[in-house]
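Data block below; observations after.
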Amino acid sequence: MHISKKCSVAIHCLIFIHEFSDSHKVTSELLSLSSGCNPVIIRNIMSALKKDGIITVKFGTGGAALLCPPEEISLYRICMCVEPDALDKLFGIHQAPSPLCPVGKNIHSVLDDSYQVIRSDMEASLKSVSLKDMLEKYHHLTTQA
């Protein structure tokens, strides 16, 4: 299990945008240099964030800015906008258990119920962390340096 790399890059971009959009024109090229990711990947992530209403991007001249206060942007929202099926990918279930086996014919129901509890817990955890929380951690780290 893991949170997608897209989600981590999106968080990187959002922190960068929050910190520098007032003083710099934040472009996909600049975010690419900061994150170490290809500018095309950055543009795709930015497009998803824009579509979800988290950021605005000025086309042509470039430049991104947050549209929402950081406390309103949860880790869940970020992850779902850049990878909508992320929680569905948490668990893989084998497709062809034997219907003749007592375990095989019931395993999907057993797994579905158990995995749904874990998925719900993961969703609640992701919703409990905001961009504001991550910015506070970032600021704490940068003041220690």
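Since the model is a prediction, treat every value here as computed from it, not as a measurement.
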Is the closest side-chain heavy-atom distance between [X] and [Y] below 4.5 Å?
X	Y	answer
Ile73	Ile78	yes
Ile15	Leu131	yes
Ile42	Met46	yes
Lys5	Val9	yes
Leu75	Cys7	yes
Leu30	Ser34	no
Pro69	Glu72	yes

Has the side chain of [X] got a donor or acceptor atom that lies under 3.5 Å from a matching backbone atom of [Y]?
X	Y	result
Arg77	Leu126	no
Ser128	Ser125	yes
Asn38	Val40	yes
Ser32	Cys37	yes
Asn106	Val103	no
Glu83	Cys81	no
His24	Ile17	no

Does Ile11 belong to the same Ile/Leu/Val/Met/Phe/Trp/Tyr cluster as Leu67, with side-chain heavy atoms less than 4.5 Å apart forming each link?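 Per the 4.5 Å side-chain linkage, Ile11 and Leu67 are not co-clustered.
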
Hey, any chance Met122 and Phe91 share a hydrophobic cluster, counting ILVMFWY side chains that come within less than 4.5 Å of each other, even indirectly?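 Same cluster: Met122 reaches Phe91 through Ile, Leu, Val, Met, Phe, Trp or Tyr contacts under 4.5 Å.
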
Can you tell me which residue pairs pass the salt bridge (charged side-chain N to carboxylate O under 4.0 Å, His left out) test with a partner in residues 114-126, sequence neighbours excluded?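 Checked against salt bridge (charged side-chain N to carboxylate O under 4.0 Å, His left out) - neighbours excluded - the pairs reaching residues 114-126 are Asp88-Arg119, Arg119-Glu123, Glu123-Lys127.
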
Leu14 and side chain to side chain contact (heavy atoms under 4.5 Å, CB included): which single residue from Ile55, Ile45, Leu135 fits?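 Considering Ile55, Ile45, Leu135, a side chain to side chain contact (heavy atoms under 4.5 Å, CB included) with Leu14 is found only for Ile55.
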
Working note: Tyr76 + Leu87, criterion side-chain contact (heavy atoms from CB on, under 4.5 Å); need CA distance, chi angles, decisive distance, verdict. CA-CA 10 Å; Tyr76 176 81; Leu87 288 179; 3.8 Å; yes

Partners passing salt bridge (charged side-chain N to carboxylate O under 4.0 Å, His left out) against Glu136 (at least two apart in sequence or in another chain):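 For Glu136 the salt bridge (charged side-chain N to carboxylate O under 4.0 Å, His left out) partners, ignoring immediate neighbours, are Lys132.
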
Apply salt bridge (charged side-chain N to carboxylate O under 4.0 Å, His left out) to Lys105 and list each qualifying residue two or more places apart in sequence or on a separate chain.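 So Lys105 forms no salt bridge (charged side-chain N to carboxylate O under 4.0 Å, His left out) with any residue.
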
Before you tell me yes or no, could you show the steps for Tyr115 and Ile93 under side-chain contact (heavy atoms from CB on, under 4.5 Å), namely the whole-Å CA-CA distance, both residues' side-chain angles and the distance that decides it to 0.1 Å? CA-CA 10 Å; Tyr115 288 172; Ile93 300 177; 4.0 Å; yes

As an exercise, state the distance from CD of Gln116 to CG of Leu111, rounded to the nearest 0.5 Å.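 Gln116 CD to Leu111 CG: 13.0 Å, rounded to 0.5 Å.
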
Would you call the rings of His139 and His18 parallel, tilted or perpendicular if under 30° counts as parallel and over 60° as perpendicular?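 Ring orientation of His139 relative to His18: tilted.
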
